[in-house]
Amino acid sequence: MTRKLAYVVLSLITVLAVMALTVHAQQAQYFTCEEVVPGVPGSNPSHVIVWLRLSNESSLVNLLNQMYYNASSPYFHHFITPQEFAEWYSPPGYVFSYITGLAEEYGLVVNYTFPMLIEATGNASAVDNFLTALQSAPSNITQWILAGGECIPLGYFAVHSKAPQYQPMIVKESLPLGLSPGQLLGNAVRVNGKPAYARLNMAQLIAQYLMARPSLMGMVYALNALRSAQEEWGYAVIWFPFGLEWMYDELPLFYSGYSGQGLTIAIVDAFGDVNFTLASQYVYQDIACQDLATFDSIFYLPPPASCQVIYPTGVPTLTPYNLPYAEGWSWETALDVEYSHTMAPGAKILLVVAPPDSGDDLFVDVEYVVNNSLANFISMSWGGSWEDMFYYPPPSYNLLYGYDEIFMQAAAEGIGAFAASGDWGGAYDVYWFAFNMPMEPSVFYPASDPWVTGVGGTELFAQFVGGYAQRMETAWNWNPFIVWGSGGGYSFTFPETPGQKLISMPYELQYVYEPDLGIWFNTTGMRGVPDIAADADPYTGVFIVLNGVIPPYFIGGTSLATPLSAGMTTTIQSYLYGTGVNYAIGDLAPSMYLIYHYMPSEAYVSNITITSASFFTGISGAMFRRWVAIMAYTGQCRVSGALSLGWVS
């Protein structure tokens, strides 16, 4: 974002938008330990969360609209403190006193009281007894309860649970046999002496893919399994950190001294980056910061201003049940930490680790960051159950409203949250392929929250000849054989945001059959996902350092796009502050929609041939225009839909 453009955003954009308010009028819902994990021992340690309704919620929504969509308002991009949020929007104090007193009466230890939730710890029997008693509380208490309690037994994993499940949005594919990361790094295309990217022959990759999947070998359409944008270029790409900084127009800011300094990126993940050797003995140790130091050494990056790991809801417990999931989350964590740092090398990195791989401790950790003002931006490269699953019996939709309150608080305090939109071409139940049924329109949460910037995926290619760089970035299309592609679609729960309404977001398919619930879903007027996008295709992917080494895998997914986007935004924020522009970005998506509506010709450039020098001196404009996951059909392949505005440059 140029300084001129920043001032234009501050002084010229004027729009009054009223966001449709979701009224949280449903009865309180309760989820006991026995419901969440049938047969859980009564002695099993567990967390319980009581989700509360905010006070004056309509006033809060109006304030948020003033902050993000009305440039003439004195509140426009001027945010409040956690203390002000609690004073203005928390339930009455007696509600907290009653619930915490009741929890302690049943032997629970109260961990946190936040404006919209109370979390306590005890064994499963004590938690269930507390939840039973809570349902008989006086009406002046129960009227403030949104989800009367959600038990989270510790040490279990998703397959045992009826609770919402959260999983990493990461995709990996093996390198060709006999080819190592070191060889690719040694043969990289270099720009100004630094490794930018390495090419791999696409025909070789397709042959390897088919050899590993003999069932595809006689199918005519199998030859197209990996082809999309790669077909035009004929090769796949491994991007190295410097190459991503170069392609995404970061270098002019870095060379001017703006790289995220003075700011903090919080990365919220389950389990963290575990030491695999110790984990095999069920001993927990997080080594994310050590892996980051190795990553920096290999790829010529400066160390972060600081790297810290915290455990707001407890240190993970490793068991035979969850060990494979802990190791899977380690890939996610390493990717998140290393590539948010890549795009904002001067920022502080705060890794916030939740103990379970399912359950709402992830959201409690987000709220811990928000309520304690620990970060400027939050990266969440994971998604929960598809939104429709919250309506499937037994319904748990009130949980979505509880989570939404956390992100409303984040936005009100000027903390920007980014979430991955998923890697299956829309959050669709692949299960329904077996019945040749239409797939559902629901999307992953939290990317679908109206106060979160949902991040989709692209394929990023470039080559430079004779002083010119040819740059192409296209939608990461979904494929039924690989089951990959940028997630997208329309929310089951939340209306379109004021920004999406302003730009008249297209609705490619107005009615879609929802097989899980047996209804036709009207997408018109609902929140579209994603908002923005960045590189996610593993065949235009990256390497990570995990447990001290570079695994021989292409790494991609919207888990890559999300930390890239959070890091880029952090760097731009440091530039704005460093040049005297008093514009706290907060939630990024509203600014992008306003720019798109009011200044598309000034703000955007196309995917065209650009002089290579431009990547070192600055590309005119704020974003590359991008359409990701627009609804399209090719044979059995469907790419699901919503607008992605591009990426900030």
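All residue numbers in this chain count up from 1 along the given sequence.
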Check: Can you list the residues that meet the side-chain contact (heavy atoms from CB on, under 4.5 Å) rule with Ser55, with sequence neighbours excluded?
Finding: Trp144
Check: Taking only residues two or more places apart in sequence, or in another chain, which ones meet Ser256 in a side chain to side chain donor-acceptor pair (under 3.5 Å)?
Finding: none
Notebook entry, point to check: Taking only residues two or more places apart in sequence or in another chain, which ones pass side-chain contact (heavy atoms from CB on, under 4.5 Å) with Thr342?
Noted result: Pro241, Glu245, Phe295, Leu301, Tyr339
Next item on the list: Can you tell me which residue pairs pass the salt bridge (charged side-chain N to carboxylate O under 4.0 Å, His left out) test with a partner in residues 519-530, sequence neighbours excluded?
Entry: Arg527-Asp531
Check: Can you name the side chain to side chain donor-acceptor pair (under 3.5 Å) partners of Glu367, sequence neighbours left out?
Finding: none
Checklist line | Non-neighbouring partners of Ser90 that pass side-chain contact (heavy atoms from CB on, under 4.5 Å), sequence neighbours left out | finding: Ala86, Phe96, Pro115
Next item on the list: Go through the structure and list residues passing ring pair (Phe, Tyr, Trp, His ring centres under 6.0 Å) with Tyr112, not counting sequence neighbours.
Entry: Phe114, Tyr368
Check: Is it true that Phe79 and Tyr68 have ring centroids separated by less than 6.0 Å?
Finding: yes
Margin query: I need the minimum non-hydrogen distance between Thr333 and Ala270, along with the two atoms involved.
Written below: OG1-O, 4.3 Å
Next item on the list: Compute the centroid of each ring, for Tyr403 and then for Trp51, and state whether the two points are separated by less than 6.0 Å.
Entry: yes
Next item on the list: For Ser73 and Tyr75, indicate whether the former's side chain and the latter's backbone hold a donor-acceptor pair under 3.5 Å.
Entry: yes
Next item on the list: Just jot down the side-chain contact (heavy atoms from CB on, under 4.5 Å) partners of Asn376, sequence neighbours excluded, or say none.
Entry: Leu263, Thr264
Check: Partners of Tyr89 by side chain to side chain donor-acceptor pair (under 3.5 Å), sequence neighbours excluded?
Finding: none
Margin query: Run the side chain to side chain donor-acceptor pair (under 3.5 Å) test against Gln261 and tell me which residues pass, sequence neighbours left out.
Written below: none
